[in-house]
Peer 1: 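Sharing a structure below in structure tokens format, with a few things to ask.
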Amino acid sequence: MPAPTSPADLFRHSLRLLLDKDIPAWVALWAEEGVMEFPFAPDGWPRRLEGKEAVAAYMRHYPDHIDLHDFPELRIHQTTDPQTVVVEMRGVGRLVESDAPFDMTYIAVVTVRDGHFASYRDYWNPLAVQQPGADFTGSSR
């Protein structure tokens, strides 16, 4: 299967990998110097990850804590930059530790260069990580 070529297709492919819990393949979609930012991250959570290795370390244990089932209400908007998309979506599933429902709304601004994520600004709800079992990063909270 050829690699997705458009930013929207790459993003959709990345969601499928997250649902499949294939974090190594998800990380492989990143440029070596890719940057992931979390402008709304609460104290103790990372606000900026620089480079593929930092993104890999951040996501390594995600499936052990959050079991994603679906991304309903996915909307991908093109921007004036053909390599940048704005994404609106929900991620739903359960928290592994407590079996509590997980339901997070996201807005992401994603830029792709040479078929890889170069910049990913993730505007997620910091109140959702106050649930027991949501802290997959080992933050200092």
Side-chain angles (χ1 to χ4, degrees), residues 1-98 100-141:
M1 174 178 179
T5 55
S6 77
D9 288 343
L10 183 70
F11 193 86
R12 283 186 196 93
H13 179 65
S14 77
L15 295 181
R16 170 60 26 218
L17 293 173
L18 288 176
L19 291 174
D20 291 345
K21 298 167 185 40
D22 191 346
I23 300 304
W26 186 86
V27 169
L29 301 178
W30 281 80
E32 288 300 323
E33 298 81 29
V35 175
M36 189 170 205
E37 296 176 281
F38 306 97
F40 297 151
D43 289 342
W45 282 67
R47 291 189 190 270
R48 182 177 172 93
L49 304 170
E50 295 187 26
K52 183 189 260 188
E53 290 303 316
V55 171
Y58 176 80
M59 291 295 293
R60 184 168 290 121
H61 298 292
Y62 189 92
D64 298 331
H65 298 273
I66 300 173
D67 178 19
L68 288 169
H69 298 164
D70 195 11
F71 289 100
E73 301 170 30
L74 174 65
R75 287 181 292 208
I76 300 176
H77 307 277
Q78 291 301 139
T79 68
T80 56
D81 176 351
Q83 297 304 308
T84 299
V85 292
V86 175
V87 179
E88 298 176 86
M89 67 181 181
R90 282 177 50 222
V92 297
R94 69 180 183 87
L95 297 174
V96 173
E97 180 181 303
S98 65
F102 177 82
D103 191 336
M104 175 85 76
T105 300
Y106 302 86
I107 293 177
V109 179
V110 180
T111 301
V112 172
R113 298 278 184 251
D114 300 320
H116 293 90
F117 292 130
S119 173
Y120 190 127
R121 284 189 315 277
D122 193 346
Y123 296 89
W124 54 273
N125 179 1
L127 298 176
V129 299
Q130 293 177 351
Q131 300 177 61
D135 186 357
F136 64 91
T137 68
S139 71
S140 60
R141 297 180 307 109

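Computed from a predicted structure; not experimentally measured. Position 1 is the first residue of the sequence; numbering continues from there.
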Peer 1: Got Val92 and Pro101 here, is their nearest side-chain heavy-atom distance under 4.5 Å?
Peer 2: no
Peer 1: Which atom names give the shortest non-hydrogen contact between Arg94 and Val96, and what distance separates them?
Peer 2: NH1-CA, 3.5 Å
Peer 1: Which atoms form the tightest heavy-atom contact between Ala118 and Ala31, and what is the distance?
Peer 2: CA-CB, 4.5 Å
Peer 1: Passes side chain to side chain contact (heavy atoms under 4.5 Å, CB included), Ile76 versus Arg12? Steps please.
Peer 2: CA-CA 9 Å; Ile76 300 176; Arg12 283 186 196 93; 3.9 Å; yes
Peer 1: From Asp122 CG over to Arg47 CZ, what is the distance, rounded to the nearest 0.5 angstrom?
Peer 2: 13.0 Å
Peer 1: Looking at every non-hydrogen atom in both residues, tell me the closest pair between Pro46 and Ala41 and how far apart they are.
Peer 2: O-CB, 3.4 Å
Peer 1: Who are the side chain to side chain donor-acceptor pair (under 3.5 Å) partners of His116, not counting sequence neighbours?
Peer 2: none
Peer 1: Would you confirm whether Arg90, through its side chain, and Phe71, through its main-chain N or O, come within 3.5 Å as a donor-acceptor pair?
Peer 2: no
Peer 1: Is there a side chain to side chain contact (heavy atoms under 4.5 Å, CB included) between Ile23 and Arg60? Walk through the geometry before answering.
Peer 2: CA-CA 7 Å; Ile23 300 304; Arg60 184 168 290 121; 5.6 Å; no
Peer 1: Can you tell me how far the CE atom of Met59 sits from the CG atom of Leu49, to the nearest 0.5 Å?
Peer 2: 10.0 Å
Peer 1: Under the ring-ring contact (aromatic ring centres under 6.0 Å, His included) test, which residues partner Phe40, sequence neighbours left out?
Peer 2: Tyr123
Peer 1: Show the numbers, then the answer: is there a side chain to side chain contact (heavy atoms under 4.5 Å, CB included) between Arg121 and Met36?
Peer 2: CA-CA 6 Å; Arg121 284 189 315 277; Met36 189 170 205; over 6 Å; no
Peer 1: Test Val87 against Leu74 for side chain to side chain contact (heavy atoms under 4.5 Å, CB included), laying out the working first.
Peer 2: CA-CA 7 Å; Val87 179; Leu74 174 65; 3.7 Å; yes
Peer 1: Minimum heavy-atom separation for Lys52 and Val27, please, with both atom names.
Peer 2: CE-O, 3.5 Å
Peer 1: Just wondering, more than 12 heavy atoms not from Asp114 lying within 6.0 Å of its CG?
Peer 2: no
Peer 1: Rounded at 0.5 Å granularity, tell me how far CD in Gln78 sits from CD in Gln83.
Peer 2: 9.5 Å
Peer 1: Does the separation of the ring centres of Phe38 and Tyr120 fall below 6.0 angstrom?
Peer 2: no
Peer 1: Rounded to the nearest 0.5 Å, how far does CG of Leu68 lie from NZ of Lys21?
Peer 2: 6.5 Å
Peer 1: Under a 3.5 Å distance rule, please check whether Thr84 uses its side chain to pair with a backbone N or O of Thr111 as donor and acceptor.
Peer 2: no
Peer 1: Do NZ/NE/NH1/NH2 and the carboxylate oxygens of Glu50 and Arg48 come within less than 4.0 Å?
Peer 2: yes
Peer 1: Side-chain contact test, heavy atoms from C-beta onward, threshold under 4.5 Å: evaluate it for Met89 versus Leu15 and give yes or no.
Peer 2: yes
Peer 1: With a 4.5 Å cut-off on side-chain heavy atoms, are Pro7 and Leu10 touching?
Peer 2: no
Peer 1: Are Asp22 and Arg16 within salt-bridge range, i.e. N to O under 4.0 Å?
Peer 2: no
Peer 1: Run Trp30 and Phe117 through ring pair (Phe, Tyr, Trp, His ring centres under 6.0 Å) and show every step you take.
Peer 2: CA-CA 5 Å; Trp30 281 80; Phe117 292 130; 5.5 Å; yes
Peer 1: Out of curiosity, His13 NE2 to Ser6 OG, how far, rounded to the nearest 0.5 Å?
Peer 2: 12.0 Å
Peer 1: Which heavy atom of Val85 sits nearest a heavy atom of Ala8, and at what distance?
Peer 2: CG1-N, 4.2 Å
Peer 1: Got a second to check how far Ile66's CD1 is from Phe102's CZ, nearest 0.5 Å?
Peer 2: 4.0 Å
Peer 1: Write down the atom of Ser14, the atom of Leu29, and the distance for their closest heavy-atom approach.
Peer 2: CB-CD1, 3.6 Å
